[in-house]
Amino acid sequence: MGNLRINSSDAPSFILTGFPGMEAMEPWLSLPLLLFYAISIVGNSLILLIVKEEQSLHQPMYYFLSLLSVNDLGVSLSTLPTVLAALCFRARVITFNACLTQMFFIHLFSWTESGILLAMSVDRYVAICNPLRYAAVLTNTRIATMGLGTVLRSFALILVFPLLLHRLPFCHAQNVLSHPYCLHVDMIKLACTDVSLNSCYGLSIVLLTFGLDSALILFSYGLILRSVLAIASREERLKTLNTCVSHILAVLIFYVPMVSVSIVHRFGTGLPPAVHILMSILYLFVPPMLNPVIYSIKTKEIRHRLFKMLFRFRF
């Protein structure tokens, strides 16, 4: 007899995975994840509050930073329910529709973050290469248009995923995922039919978003570096480059974990499953946690405002 084929309309469920072989330690392993969540949610909320309250931060660079903080909050909140349920409360079963919804938002926020980082590189390019026209080029209307365009691009591309997944039959009533959250590539592995269309579409939009965005970010920094090297004073060159450090770090902590996860999944077949899960969790946890920390440390205005808030709260 062949495998039982269950359509998505028959409401198959999925089983979230914690750390295989380390089940007894999962409540303890969840503690650093809770800390990551707390830093991410509190840190990004503080960034938004500081930019809103501080008039001197009502500039294009900080508007883009606010978009990044909103997106990072979305990443954290989209994974929080299932990660905590699976690791802290051993509640591992998730319905098809709930899994589909989480998958949608995780990919939406991931691809939106890539677009926001590209927009921030444009901001740095205009600020350094054409400073006299900075305010004229990056008006509030253009910033809003860039932000909305980034979200709409991600939304339009990810909207196809649920439609493609709804047409897939699944072989079991309960399907075991590889992570404590739902990803497209994880879900299609559990279908008992040809998933070439899903795989090809997924690869295409990864190249269209992450691939194109990273290439354009590199290109913009090539132009920035050429402009900086034309400055005669060494001190001025360093001062100008220092304005890009926070963004460069944000780009690295977003793309490096992503590339590392891809390499581990492709070439790390002999590694324990817990390593794959840990790498995937770090990919989604590290950028939202570190972005507010980096900008708070490297941006004088945010740092001073944060100290004022803490001092006022203390006394």
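Counting from 1, the numbers follow the sequence of the chain as shown.
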- request: Check step by step if side-chain contact (heavy atoms from CB on, under 4.5 Å) holds for Leu177 and Leu190.
  value: CA-CA 8 Å; Leu177 297 168; Leu190 301 172; 3.8 Å; yes
- request: State yes or no: do Leu159 and Leu100 share one hydrophobic cluster built from I, L, V, M, F, W and Y residues joined by side-chain heavy-atom distances below 4.5 Å, directly or via other members?
  value: yes
message: Taking Ser296's backbone N and O only, do any of them form a donor-acceptor pair with Thr299's side chain (distance below 3.5 Å, no angle check)?
response: no
Ring pair (Phe, Tyr, Trp, His ring centres under 6.0 Å) contacts touching residues 127-153 (sequence neighbours left out): none
query: Below 4.5 Å, heavy atoms only, C-beta onward: do Phe210 and Phe254 meet side chain to side chain?
result: yes
task: Indicate yes or no for a side-chain donor-acceptor contact from Thr240 to the backbone of Glu236 under 3.5 Å, with no hydrogens or angles considered.
output: yes
message: Please check this pair: side chain of Asp72 against backbone of Met289, looking for a donor-acceptor N/O pair closer than 3.5 Å.
response: no
field: Single-linkage hydrophobic cluster Val93~Phe96, side-chain heavy atoms < 4.5 angstrom
entry: no
- prompt: Are Thr209 and Arg153 side-chain neighbours, meaning at least one heavy-atom pair lies under 4.5 Å?
  reply: yes
statement: Applying ring pair (Phe, Tyr, Trp, His ring centres under 6.0 Å) to His184 and not counting sequence neighbours gives Phe161
query: Donor-acceptor pair, Thr243 side chain versus Lys239 backbone, under 3.5 Å?
result: no
Ring pair (Phe, Tyr, Trp, His ring centres under 6.0 Å) partners of residues 277-296, not counting sequence neighbours, each pair once: Tyr37-Phe285
- request: Check whether any side-chain N or O of Arg305 sits under 3.5 Å from a backbone N or O of Ile50 as a donor-acceptor pair, and report yes or no.
  value: no
- prompt: Got a sec, which hydrophobics cluster with Leu218, joining ILVMFWY side chains under 4.5 Å apart, including via others?
  reply: none
task: Kindly say whether Pro287 contributes a backbone atom to a donor-acceptor pair with the side chain of Asn291 at under 3.5 angstrom?
output: yes
- request: Sequence neighbours left out, what pairs pass ring pair (Phe, Tyr, Trp, His ring centres under 6.0 Å) with at least one residue falling in residues 212-253?
  value: Tyr221-His247
message: As a quick check of understanding, evaluate ring pair (Phe, Tyr, Trp, His ring centres under 6.0 Å) for Tyr181 and Phe105, giving each step before the final call.
response: CA-CA 11 Å; Tyr181 46 78; Phe105 282 106; over 10 Å; no
- prompt: Could you state the interatomic distance from CD1 (Ile253) to CG (Leu290), rounded to the nearest 0.5 Å?
  reply: 4.5 Å
- prompt: Between the main-chain N or O of Glu53 and the side-chain N or O of His58, is there a donor-acceptor pair closer than 3.5 Å?
  reply: no
field: side chain to side chain contact (heavy atoms under 4.5 Å, CB included) involving Ser260 - partner list, sequence neighbours excluded
entry: Val256, Met279
query: Within the side chain of Ser78, is there an N or O that forms a donor-acceptor pair under 3.5 Å with the backbone of Val75?
result: yes
- prompt: Sequence neighbours excluded, which residues qualify as side chain to side chain contact (heavy atoms under 4.5 Å, CB included) partners of Asn242?
  reply: Val245, Lys298
message: Main chain of Ile47, side chain of Ser69: is a donor-acceptor contact present, judged purely on distance under 3.5 Å?
response: no
query: Should side-chain heavy atoms under 4.5 Å link Ile, Leu, Val, Met, Phe, Trp and Tyr, which residues sit in the same cluster as Leu207?
result: Leu203
All side-chain hydrogen bond (donor to acceptor under 3.5 Å, both in side chains) counterparts of Ser154, not counting sequence neighbours: Thr112
From CD1 (Ile116) to CH2 (Trp111), nearest 0.5 Å: 15.0 Å
task: Find out if a path of hydrophobic residues (ILVMFWY) with successive side-chain heavy-atom gaps under 4.5 Å connects Leu152 to Phe104.
output: no
message: Between Arg142 and Asp123, does any side-chain N to carboxylate O distance fall below 4.0 Å?
response: no
- prompt: What residues form a side chain to side chain contact (heavy atoms under 4.5 Å, CB included) with Leu197, not counting sequence neighbours?
  reply: Leu164, Arg167
message: I want to check something: taking the side chain as every heavy atom from C-beta on, are Val122 and Phe64 in contact at a cut-off of under 4.5 Å?
response: no
- request: Apply side-chain contact (heavy atoms from CB on, under 4.5 Å) to Leu34 and Leu84, showing your working.
  value: CA-CA 8 Å; Leu34 287 171; Leu84 293 187; 3.2 Å; yes
query: Do Leu49 and Met61 belong to the same hydrophobic cluster, where Ile, Leu, Val, Met, Phe, Trp and Tyr are linked whenever their side-chain heavy atoms lie under 4.5 Å apart, directly or via other members?
result: yes
- prompt: Can you tell if the side chain of Thr95 reaches within under 4.5 Å of the side chain of Phe14, non-hydrogen atoms only?
  reply: no
- prompt: Strictly by modelled atom types, are Thr82 and Gln102 linked by a side-chain donor-acceptor pair under 3.5 Å?
  reply: yes
field: Sequence-distant partners of Phe36, ring pair (Phe, Tyr, Trp, His ring centres under 6.0 Å), two or more places apart
entry: none
- prompt: How would you list, by chain and number, every residue that makes a side-chain hydrogen bond (donor to acceptor under 3.5 Å, both in side chains) with Arg92, sequence neighbours excluded?
  reply: Glu26
- prompt: Can you tell if the side chain of Thr193 reaches within under 4.5 Å of the side chain of Pro169, non-hydrogen atoms only?
  reply: yes
query: Got Leu73 and Ser45 here, is their nearest side-chain heavy-atom distance under 4.5 Å?
result: yes
